[in-house]
Amino acid sequence: MQKPKNIWLVGEVAYTAPLSIRTQQSPHHLPHCVSVCSLGEEEHRVSAVLKTHTNLKMESDYGVPRELSDLQKNRSLYKPELPPCLQGTTVRVEFGDATAAADPSGAHAIARSFPHTYGQPLVHFFREKSKAANAQTINVHPAVRVGLVFCGRQSPGGHNVVWGLHEALKIHNPKSTLLGFLGGSEGLFAQKTLEITDDTLATYKNQGGYDLLGRTKDQIRTTEQVNSAMAACKALKLDGLVIVGGVTSNTDAAQLAETFAEAKCSTKVVGVPVTLNGDLKNQFVEANVGFDTICKVNSQLISNVCTDALSAEKYYYFIRLMGRKASHVAVECTLQSHPNMVILAEEVAASKLTIFDITKQICDAVQARAEQDKNHGVILLPEGLIESIPEVYALLQEIHSLLRQGVSADKISTQLSPWASALFEFMPPFIRKQLLLHPESDDSAQLSQIETEKLLAELVEAEINKRLKEGTYKGKKFNAICHFFGYQARGSLPSKFDCDYAYVLGHICYHILAAGLNGYMATVTNLKSPSNKWRCGAAPITAMMTVKHYGRGSGSGAATLGKPVVHPATVDLRGKVYELLRQNATRFLLDDVYRNPGPLQFDGPGADSKAVSLCVEDLDYMGRIKELNKYLDKVRTIVKPGCSQDVLKAALSAMSSVTDILSVMTSQRLE
């Protein structure tokens with residue numbers, strides 16, 4: 001007789017699993033009320049209400065071979081090429097100068113919080129026959145055990161980090177082991193692992209998603225969580241722990257590295273910059289794995305919508321894009337697809353625009369287009385826009401404070417301050433409900449759940465109708481269609497760039513561990529060049545940290561220091577990318593110069609294209625550090641005891657001028 005099965009009912013869909021595993025695992029990510037019942041005479045009837053955040057996926061589902069389409073099969077056979085510095089079995093490592101915080105005002109706080117891992121040197125990797133005089137060759141490669149955990153939100157290319165790390169481990173010692181933690185940080189705490197093998201990776205190479213290992217919460221922050229992570233590393237005898245994620249995850253990686261060093265735990269912690277938001281950018285990190293793919297996939301969708309708008313000539317499309325607090329995705333998609341308008345969270349915050357200012361700005365654009373007999377358009381909005389609006393941000397702060405105090409969502413409206421209550425009641429019912437959602441782990445709003453595009457579409461429609469009645473707007477009836485492009489793109493097949501970049505970062509992770517380094521992030525610079533010119537290295541995560549100053553009320557002038565963290569990088573309103581955007585703003589608004597980059601290309605024209613923002617910015621910080629060191633070495637070579645008085649005087653004069661200028665620039669940052 002066939003063995004009875006467990007049935008998990010979700011609305012009209014039944015999920016089945018053998019009864020033998022029913023008691024070991026509960027369904028995850030199901031609706032709030034799920035009836036669980038088993039069939040068979042020998043089984044007891046069980047009925048329960050399961051929590052929303054439990055795991056539907058069985059442990060046995062992780063790492064199973066995927067069913068691949070012809071295109072996926074073709075992509076799984078693609079082998080990224082390593083930069084010359086990582087090719088072969090011998091890689092040389094050079095330890096550069098000690099690093100410091102980019103913002104000197106926070107250096108003391110960071111050094112105090114991270115005494116074991118702050119001030120470590122930059123690291124550069126070179127090929128065996130390079131002329132780097134101070135580079136060392138690591139000749140001994142003992143068998144090591146390394147764990148890897150997906151901590152951030154899924155981002156295209158993440159699987160190639162696993163592949164690159166696994167390959168590097170096996171190249172240098174076939175007896176080395178790579179363990180993937182199942183279910184993200186929760187799997188790390190519970191010590192649930194999957195040994196990564198060639199067979200395991202076969203159908204995940206160059207594929208999207210994180211389903212090889214899965215993910216849950218993206219934080220390792222509390223004392224209990226840190227201790228659980230350390231206990232897992234000790235129990236599994238790990239020589240290294242690789243954390244794949246964005247700003248939050250890499251901040252946690254830095255804290256783990258420091259705690260492990262303090263406790264004399266032998267496990268070394270390495271971070272990898274993988275986030276679709278593109279906000280883990282600093283002087284050491286030029287780009288994040290997943291950003292290139294997300295922007296290309298979204299840009300095609302946006303371009304399709306632009307073509308539809310131009311064809312029907314009667315709709316305005318409001319498109320909200322994923323990307324958290326920063327607007328990098330919105331900027332890049334605008335530069336690739338040329339929609340009529342984009343409103344950046346950074347612009348709104350800098351100009352302190354209210355929600356009514358934004359509404360007026362959009363309405364003025366609609367009116368200007370109507371005067372040219374254009375009654376259609378496409379408007380991009382970053383999901384972080386809602387939090388950048390001053391009055392809405394203040395309202396969210398009040399709501400989150402009340403939620404933390406245990407006030408139920410249905411009672412919050414009665415306990416808001418008068419002005420906040422008035423703003424809350426002004427909002428449409430659907431927005432009020434979304435604003436009451438519990439904040440994320442970093443205390444920000446659940447941005448992906450707040451339909452800012454619908455809110456603005458309603459407000460714009462009301463204002464346009466008002467202008468129509470007043471006779472100031474003479475265009476056709478305003479019709480809005482709203483979209484949120486988020487989840488559609490983050491599970492995409494990764495672009496060629498993200499495949500290559502992630503694979504190289506995986507290899508670098510091994511070399512960081514082989515060099516015995518702790519608290520470092522794998523880095524690649526000169527990314528806008530072909531991969532054979534990429535520069536590979538590593539930078540201490542503490543060198544990427546900053547400390548924010550928070551005011552404590554008007555009048556006192558007092559301020560409190562926040563904790564040292566890797567803060568998300570926002571769009572630089574003085575940078576070259578933003579300048580390019582502003583130069584084209586009027587043309588995009590009025591001329592309908594829509595551009596369709598088409599779907600992801602893996603061969604032929606477009607396959608090697610890179611993000612516009614990556615190519616526009618001049619980002620090679622690590623390369624400039626190397627160049628500066630070369631100049632300093634030349635000075636030391638020329639100005640030696642025995643050189644002429646004139647040479648010595650010229651050197652002193654030049655160096656004095658340089659140090660004076662640098663001192664002024666540094667003091668300005670401290671103010």
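Everything quoted here is computed from the prediction, not taken from an experiment.
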> Can you name the ring pair (Phe, Tyr, Trp, His ring centres under 6.0 Å) partners of Phe485, sequence neighbours left out?
Replying inline: His483

> ring pair (Phe, Tyr, Trp, His ring centres under 6.0 Å) with Phe260: which residues, sequence neighbours excluded?
Replying inline: none

Does any donor atom in the side chain of [X] or [Y] lie under 3.5 Å from an acceptor atom in the other side chain?
X	Y	answer
Thr251	Thr248	no
Arg215	Gln154	yes
Gln207	Gln72	yes
Ser105	Asp103	yes
Asn304	Thr307	no
Thr275	Asn288	no

> Step by step, would you call Thr334 with Asn584 a side chain to side chain contact (heavy atoms under 4.5 Å, CB included)?
Replying inline: CA-CA 10 Å; Thr334 300; Asn584 289 280; over 6 Å; no

To the nearest 0.5 Å, what is the distance between [atom1] on [X] and [atom2] on [Y]?
X	Y	atom1	atom2	value
Leu256	Ile243	CG	CD1	5.0 Å
Arg127	Lys129	CZ	NZ	9.5 Å
Asn532	Gln87	CG	CD	9.0 Å
His124	Cys85	NE2	SG	11.5 Å
Ser155	Ile294	OG	CD1	6.0 Å

With no hydrogens and no angle check, is any side-chain donor or acceptor of [X] less than 3.5 Å from a backbone partner on [Y]?
X	Y	value
Arg595	Gln336	yes
Asn277	Asp279	no
Glu332	Ala611	no
Asp498	Pro494	no
Thr99	Gln120	yes
Glu128	Val91	no
Lys528	Val616	no
Asn518	Ala257	yes
Ser653	Ala650	no
His141	Ile138	yes

>> Taking side-chain hydrogen bond (donor to acceptor under 3.5 Å, both in side chains) as the definition, give me every residue that meets it alongside Ser303, ordered by chain and number, with sequence neighbours left out.
In response: none

Salt-bridge criterion met for [X] and [Y] (N-O under 4.0 Å):
X	Y	result
Lys79	Glu167	yes
Asp603	Lys496	no
Glu346	Lys325	no

Output all residues satisfying salt bridge (Lys or Arg N to Asp or Glu O under 4.0 Å) with [X], sequence neighbours left out; order by chain, then residue number.
X	answer
Arg587	none
Asp198	none
Arg636	Asp633

Taking all heavy atoms of [X] and all of [Y], pick out the closest pair and write down the distance.
X	Y	result
Ser609	Gly606	OG-O, 2.9 Å
Ser76	Ala202	CB-O, 3.8 Å
Leu600	Leu493	CD1-O, 3.1 Å
Val504	Glu81	CG2-O, 4.4 Å
Ala607	Phe602	CB-C, 3.5 Å
Ala330	Leu321	CA-CD1, 3.7 Å

> Stepwise, does the ring-ring contact (aromatic ring centres under 6.0 Å, His included) test hold for His172 with His511?
Replying inline: CA-CA 10 Å; His172 291 89; His511 293 291; 5.2 Å; yes

> Where does the angle between the aromatic ring planes of Phe150 and Tyr210 fall among parallel (under 30°), tilted (30 to 60°) and perpendicular (over 60°)?
Replying inline: parallel

>> Once you measure the plane-to-plane angle for Phe588 and His338, does it fall in the parallel (<30°), tilted (30-60°) or perpendicular (>60°) bin?
In response: parallel

> Would Tyr204 and Asp211 satisfy side chain to side chain contact (heavy atoms under 4.5 Å, CB included), going step by step from the backbone distance to the final call?
Replying inline: CA-CA 9 Å; Tyr204 290 89; Asp211 49 317; 3.7 Å; yes

> Hey, which of Trp163, Trp534, Phe497, Tyr510 is the one that makes ring-ring contact (aromatic ring centres under 6.0 Å, His included) with Tyr503?
Replying inline: Trp163

>> Let's go through Phe125 and Ile508 carefully: what are the C-alpha distance in whole Å and the side-chain angles of both, what is the deciding distance for side chain to side chain contact (heavy atoms under 4.5 Å, CB included) to 0.1 Å, and is it a yes or a no?
In response: CA-CA 9 Å; Phe125 295 110; Ile508 293 173; 3.8 Å; yes

> What do the steps show when you test Arg153 against Arg490 for side chain to side chain contact (heavy atoms under 4.5 Å, CB included), and what is the final call?
Replying inline: CA-CA 9 Å; Arg153 289 171 172 79; Arg490 73 181 192 183; 4.1 Å; yes

> Only one of Asp608, Asp500, Asp292 clears side-chain hydrogen bond (donor to acceptor under 3.5 Å, both in side chains) with Ser495; which?
Replying inline: Asp292

> Do other residues, nucleotides or ligands put more than 12 heavy atoms under 6.0 Å from the CZ atom of Arg66?
Replying inline: yes

